[in-house]
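Lettering follows sequence order; numbering is per chain, from 1. Worth knowing before you read on, the calculation uses all heavy atoms, side chains too, and leaves out hydrogens, waters and symmetry mates. Every value quoted in this text rests on a predicted model; they were computed, and no experiment measured them.
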Amino acid sequence: GIQVEQSPPDLILQEGANSTLRCNFSDSVNNLQWFHQNPWGQLINLFYIPSGTKQNGRLSATTVATERYSLLYISSSQTTDSGVYFCAVEHNTGNQFYFGTGTSLTVIP
Amino acid sequence: DGGITQSPKYLFRKEGQNVTLSCEQNLNHDAMYWYRQDPGQGLRLIYYSQIVNDFQKGDIAEGYSVSREKKESFPLTVTSAQKNPTAFYLCASSISAGAHFTGELFFGEGSRLTVL
């Protein structure tokens with residue numbers, strides 16, 4: 001399979017602060033997704049981003065596939081941003097996504 | 001509303017019993033997946049199916065079985081052979097436009113299984 005590493009594993013922020021989460025992967029990928037897992041366990045799709053940059057409100061993501069990494073930016077963090085953020089990649093052989101172990105984010109008021 | 005429905009949300013079972021988790025999607029997606037999540041861990045693939053009546057083992061298939069008799073349904077059976085079945089189980093689907101393209105992955109809300 002493909003190895004997916006996320007950093008940092010844990011992050012605590014004051015409300016209003018900005019942060020950058022990183023996802024490194026060990027081989028060429030077709031696709032990459034970022035998810036937010038809420039306290040009830042549901043995985044919410046944030047970005048589907050095999051390459052380039054996308055923005056959605058306070059969140060943005062950049063994937064540099066040739067250098068095998070992706071970054072998720074969270075600006076002006078809110079307490080509702082708390083949870084675990086996962087990166088998942090689809091190997092270039094196709095057919096399945098591999099997940100990192102996540103970054104656990106806690107935003108305190 | 002289009003989406004993926006998993007049931008039950010919570011399930012308790014005694015050791016030695018088989019249990020089946022339901023997953024239904026109305027997104028008209030070809031591919032469906034089952035993942036397992038343990039506390040503090042990422043998701044690991046159990047089984048996936050790209051087409052009706054066909055499925056493949058993922059990284060941790062031992063002790064599990066699946067079927068894909070209908071496009072919209074992909075039930076997972078946790079058998080008594082699974083040594084550590086207590087976990088959070090997530091079903092997902094994707095459009096799967098071709099052999100090397102999966103498309104965006106969408107998840108159900110999950111089923112939490114506890115073995116007593």
### Query
Looking only at heavy atoms, which two atoms of B:Gly3 and B:Asn26 are closest? And how far apart?
N-OD1, 2.6 Å

### Query
What part of B:Gln37 lies closer than 4.5 angstrom to a heavy atom of chain A: side chain, backbone, both or neither?
side chain

## Note on the structure
Okay, B:Leu45 and chain A: the region with an atom under 4.5 Å from a heavy atom over there is side chain

### Query
Taking the six-membered ring of A:Tyr69 as reference, does the NZ or CZ atom of A:Arg22 fall below 6.0 Å from its centre and within a 45° cone about the axis?
yes

### Query
Can a salt bridge be assigned to the pair B:Asp54 and B:Arg68 using a cut-off of 4.0 Å between side-chain N and carboxylate O?
no

#### Entry: Residue B:Arg112 versus chain A: region with a heavy atom under 4.5 Å
side chain

### Query
Where does A:Gln6 contact chain B at under 4.5 Å (heavy atoms): side chain, backbone, both or neither?
neither

### Message
Quick check on the 6.0 Å ring-centre criterion: do B:Phe107 and B:Tyr35 meet it?
### Response
yes

